[in-house]
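These values consider heavy atoms only, across backbone and side chains, with no hydrogens, waters or symmetry-generated copies. Start at 1 and go down the list; that is how both ligands and their atoms are numbered.
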Amino acid sequence: MDSETCPVSRYSEPVSAHVSPTDTLGRPLRDLRISVTDRCNFRCVYCMPKEVFGHDYRFLDRKELLTFEELERLVRVFKAHGVEKIRITGGEPLLRRELEVLIAALASVGGLELTLTTNASLLAKKAQALADAGLHRVTVSLDSLDDETFRAMNDVDFSVERVLEGIEAAAAAGLPVKVNAVIKRGMNEAAVLEMARYFKGTPHVLRFIEYMDVGATNGWRLDDVVPAAEIVRTIDEVFPIEPIDRSYRGEVAQRWRYRDGSGELGLITSVTQPFCGDCTRARISAEGKLYTCLFGVRGHDLRALVRSGATDEELGAVVAGIWSKRTDRYSERRSESTADLPKVEMSYIGG
Ligand code: SAM
């Protein structure tokens, strides 16, 4: 169903409030990550390697993507079932034309924290429009400040400087910025200290992410993971840091602060210290499949339901039913029997 066939009255009516479902491990539904495109203009070697995502790779057609109207409707349904925070991601979400129109539509729902994860390649151009539309904050992915290393990692010769311009544009538009860096052994370990030094004392919160075994195309090996404990040690030796409490249940990053009061940083430890027990996140792929884990194997087709005329009540019942049966704790079981399971790509499901 698109804007022409989806009557406005359908989703302009408030969706009646329901009790937020909890899953089989007692975890409530609080966060929704929405991938708005499976395309990206970067070919990060650990995420969308060129050999796999080359010219003949078949990305989704436009008509396969959920429309903005469909997304707004789904978000209203998810909000009625407990979701408080929306993260727009991809692929590269800013490749989706007029993304600010979607942000404005989601802002009109009210009562939701709206965030965006981006490689910042188009952020300098888009930041003000996104802020004006009602975006609350932005997370920028940047894996190194060393131009040669960064260009080698994004594999499309994109410069560090242009990402930094995007960050500054977001800040100038009033958007709080977090900067996420994935650290891969033998590739960008030097980024740990360089980036800590650069962002220390700025309002931007730097977060290091352990390299994860998402998807099947990046040839992940445990040896490539730089454990968060090692990252902490590296920083602490030069800039002493201390842990601080998480601000809410389900927060993905462990928080640390510089002892000299010059700000905080985060560690996302999904490999060495998995946090499945607190995971309150659902994900919708660009074509409208609902996943209850980043490492999900099978999604539930919400688009088919939406396009076949399901009511909000019916959609809500499906979402609540899926969530209440949720058993996922992939990261905690990583070493058991998961190695051979087929997994979806991060670019498809949304990071
Ligand atoms: N294009 C946007 C961006 O660059 O932020 C959003 C999508 S991207 C898939 C989201 C995040 O996932 C990026 O920070 C990226 O570095 C991270 N990522 C991708 N593959 C990863 C992996 N195997 N392990 C850890 N993080 C990964």
**OP:** With side-chain hydrogen bond (donor to acceptor under 3.5 Å, both in side chains) as the test, would you mind laying out the steps for Asp143 and Asn180 before giving the verdict?
**Re:** CA-CA 7 Å; Asp143 296 330; Asn180 278 358; over 6 Å; no

Original post:
Should the proximity of Asp213 to ligand 1, defined as any heavy atom under 4.0 Å, be assigned to the side chain, the backbone, both, or neither?
Top reply: neither

Subject >> Heavy-atom check, side chain of Glu314 versus side chain of Thr311, under 4.5 Å >> reply: yes

Original post:
In terms of atom number and element, which parts of ligand 1 are under 4.0 angstrom from non-hydrogen atoms of Thr118?
Top reply: 2 (C), 3 (C), 4 (O), 5 (O)

Original post:
Do the two ring centres, one from Phe42 and one from Phe158, sit under 6.0 Å apart?
Top reply: yes

Subject >> contact_flag Met48 ligand 1 heavy-atom lt 4.0 Å >> reply: no

**OP:** Identify which of Ser270, Pro93, Cys40, Ser141 has a heavy atom lying nearest to atom 3 (C) of ligand 1.
**Re:** Ser141

Original post:
With a 4.0 Å cut-off on heavy atoms, does Cys44 reach ligand 1?
Top reply: no

**OP:** May I ask you to test the Phe295-Met212 pair for a side-chain heavy-atom distance under 4.5 Å?
**Re:** yes

Original post:
Is any N or O atom of Asn180, backbone or side chain, closer than 3.5 Å to an N or O atom of ligand 1?
Top reply: no

Subject >> Contact atoms of ligand 1, heavy-atom distance to Thr89 under 4.0 Å >> reply: 6 (C), 7 (C)

**OP:** Pull out every atom of ligand 1 sitting under 4.0 Å from any heavy atom of Cys47, numbered as shown with elements.
**Re:** 9 (C), 19 (C), 20 (N)

**OP:** Decide yes or no for Arg87 and Arg137: does some side-chain heavy atom of the first lie under 4.5 Å from some side-chain heavy atom of the second?
**Re:** no

Original post:
If you measure from atom 1 (N) of ligand 1 to every heavy atom of Ala120, Gly91, Ser121, Ala181, which option wins on shortest distance?
Top reply: Gly91

Original post:
So, Asp157 side chain and Arg151 main chain: donor-acceptor pair closer than 3.5 Å or not?
Top reply: no

Subject >> Residue pair Ile34 / Val75, side-chain heavy-atom distance below 4.5 Å >> reply: yes

Original post:
Taking only heavy atoms of Asn119, which atoms of ligand 1 are found under 4.0 Å from at least one of them?
Top reply: 2 (C), 3 (C), 4 (O), 5 (O)

Original post:
Are any of the side-chain heavy atoms of Ser141 and Thr117 separated by less than 4.5 Å?
Top reply: yes

Original post:
For ligand 1, which atoms, with element, lie under 4.0 Å from some heavy atom of Thr117?
Top reply: 2 (C), 5 (O), 6 (C)

**OP:** May I ask you to check whether Tyr46 has an N/O atom sitting below 3.5 Å from an N/O atom of ligand 1?
**Re:** yes

